[in-house]
Visitor: 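Next up is a structure, given as structure tokens.
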Amino acid sequence: MDEILLTHPINPEELLWFLSRGFDDPIYSVRENSIFRAFLFADKKFLVKITPGTRSVKIEWLCGERTEENAAFVKSFISEWFDLEEDITSFYELLKADDRLSYMAEEFYGLKLVGMPDLFEALAWAIIGQQINLTFAYKIKRRLIEKYGDYINHDSSRYYIFPSPGTIAAADIEDLRKMQLSGSKTAYLKNIALAFIEGKIDKTILRSLPDSVSRRNLLTAQKGIGVWTANYVLMKSLRDQTAVPFGDAGLINALLNHGIIANKTELQDMHQLFERFKGWEAYLVFYLWRSLAPKPDNPLISIESN
DNA sequence: CTCCAGGTATTTT
DNA sequence: AAAATACATGGA
């Protein structure tokens, strides 16, 4: 049993809820307060069971060899995935200062920004999700991962690993189209997989760039990566707080719900809001998204339900 | 049938 | 430079 001790407490219920919030992400499964996920590291596959608590996250090895290297990799991956090291106290101070958002500091207390440490997965996911509803997007992601992803079978369940850029670069265009990826998205995916293979994009390169703007420019140089996708990926995979997917349909709807903007085109008030949340922009987006898919007891929807 | 969905590229003003 | 449009396809 491995364990990550937390300096800053988290809310395990919120985390587990978010991970299983009515969508079907094929990259992990959530059962009985634990998260199951398969990993590939140094050509070895393994499966772990992750059980988050308030002050620690427990990691149990279910399949594959537990070496010190593997354990270190998984711990670091999980820490990044769930943003375990960030102290979000000052974000809560900002929330509390806003009458329309202050409830979030209690309602979602201890919710950390769930990221996507695998940059290729984040890019592929962002492209799949462009301009289609999330339910459909997750279906496509599942088809993609079930056809091209490696996996581990364990206890009559299959745990998938997201396909590598090499696999997608070699994938047949017709097969991708059959998954109901549009023609242009198919081309985008292949193109981006190629960019990874050619070493044009990776996390090290992105991190070596001096600012958000140059990171965004590196990404948007690829066809299929527009401003929204670049910011989404920088937010989810590099935890760039200043990368806000402005124009995002969900973000706009959340702002409308909270009465922060009055319509979808006049976004001055949105920019003012983000100005006040400097340094915590990505967290603000994440919490606003969180507000869109509330728990049954969330006041925001109990009003309209029936 | 309509409108929309965690947009992007291209073409037209 | 800004605005309109084509694209693509399921979900509600």
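In this text, all values refer to a predicted model and were calculated from it rather than measured experimentally. Note on naming: letters A, B, ... go to the chains in the order of the sequence lines (proteins, then strands), and numbering restarts at 1 for each one.
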Visitor: Would you classify A/Arg21 as touching base, sugar-phosphate or nothing, given that sugar-phosphate means primed atoms plus P, OP1 and OP2, and contacts are heavy atoms under 4.0 Å?
Guide: base
Visitor: Is a salt bridge present between A/Arg276 and A/Asp98, judged by a nitrogen-to-oxygen distance below 4.0 Å?
Guide: yes
Visitor: Sorted by first residue and then second, give each side-chain hydrogen bond (donor to acceptor under 3.5 Å, both in side chains) pair with at least one member in residues 46-56 of chain A; sequence neighbours left out.
Guide: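 Pairs touching residues 46-56 of chain A that pass the test: A/Glu3-A/Ser56, A/Ser34-A/Thr51.
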Visitor: For A/Leu251 and B/dA5, what is the distance between atoms CG and P respectively, to the nearest whole Å?
Guide: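 Taking atom P of B/dA5 as the reference, CG of A/Leu251 is at 12 Å.
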Visitor: Would you call the rings of A/Phe39 and A/Phe73 parallel, tilted or perpendicular if under 30° counts as parallel and over 60° as perpendicular?
Guide: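 Ring orientation, 0 to 90° scale: perpendicular.
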Visitor: Can you list, by residue number, the residues of residues 273-280 of chain A that have a non-hydrogen atom closer than 4.0 angstrom to DNA chain B?
Guide: none
Visitor: Which atoms form the tightest heavy-atom contact between A/Trp280 and A/Asp87, and what is the distance?
Guide: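 Heavy atoms only, the tightest pair is CH2-O, 3.3 Å.
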Visitor: Rounding to an integer number of angstrom, what distance separates B/dA9 and C/dG10 when you compare their C1' atoms?
Guide: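 B/dA9 and C/dG10 have their C1' atoms separated by 22 Å.
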Visitor: Between B/dC3 atom P and A/Lys264 atom NZ, what is the distance in whole Å?
Guide: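 Those two atoms, NZ and P, are 13 Å apart.
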Visitor: Stepwise, does the ring pair (Phe, Tyr, Trp, His ring centres under 6.0 Å) test hold for A/Trp125 with A/Tyr138?
Guide: CA-CA 9 Å; A/Trp125 169 237; A/Tyr138 276 109; 4.4 Å; yes
Visitor: Sequence neighbours excluded, which residues qualify as salt bridge (charged side-chain N to carboxylate O under 4.0 Å, His left out) partners of A/Glu198?
Guide: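 Per chain and number, A/Glu198 pairs via salt bridge (charged side-chain N to carboxylate O under 4.0 Å, His left out) with A/Lys200.
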Visitor: Does anything in residues 212-220 of chain A come within less than 4.0 Å of DNA chain B? Heavy atoms only, and list the residues if so.
Guide: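 Hits under 4.0 Å, by residue number: none.
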Visitor: Could you pull out all residues at least two apart from A/His8 that satisfy ring pair (Phe, Tyr, Trp, His ring centres under 6.0 Å)?
Guide: none
Visitor: Taking the inter-plane angle between the rings of A/Phe246 and A/His271 on a 0 to 90° scale, is it parallel (under 30°), tilted (30 to 60°) or perpendicular (over 60°)?
Guide: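 The arrangement is tilted - the two ring planes meet at 30° to 60°.
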Visitor: Quick one: is A/Lys223 getting a side-chain N or O under 4.0 Å of the B/dG7 phosphate, OP1 or OP2?
Guide: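 For B/dG7, OP1/OP2 do not have a side-chain N/O of A/Lys223 under 4.0 Å.
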Visitor: Starting from the 5' end of DNA chain B, give me the residue, A/Gln222 or A/Gly250, whose nearest nucleotide shows up first.
Guide: A/Gly250
Visitor: Strictly below 4.0 Å, N to O, side chains only: are A/Glu146 and A/Arg158 in salt-bridge contact?
Guide: no
Visitor: Got more than 12 heavy atoms from elsewhere within 6.0 Å of NZ, A/Lys190?
Guide: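 Atom NZ in A/Lys190 is crowded, with more than 12 foreign heavy atoms closer than 6.0 Å.
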Visitor: Assign A/Ile225 to base, sugar-phosphate, or nothing according to its heavy-atom contacts below 4.0 angstrom with the strands shown.
Guide: sugar-phosphate
Visitor: A/Tyr283 vs A/Phe91 aromatic rings, parallel, tilted or perpendicular, using cut-offs 30° and 60°?
Guide: tilted
Visitor: If the sugar-phosphate is the primed atoms plus P, OP1 and OP2 and the base is the rest, what is the B/S/- string for nucleotides 7-12 of chain C, using protein heavy atoms under 4.0 Å?
Guide: -BSBS-
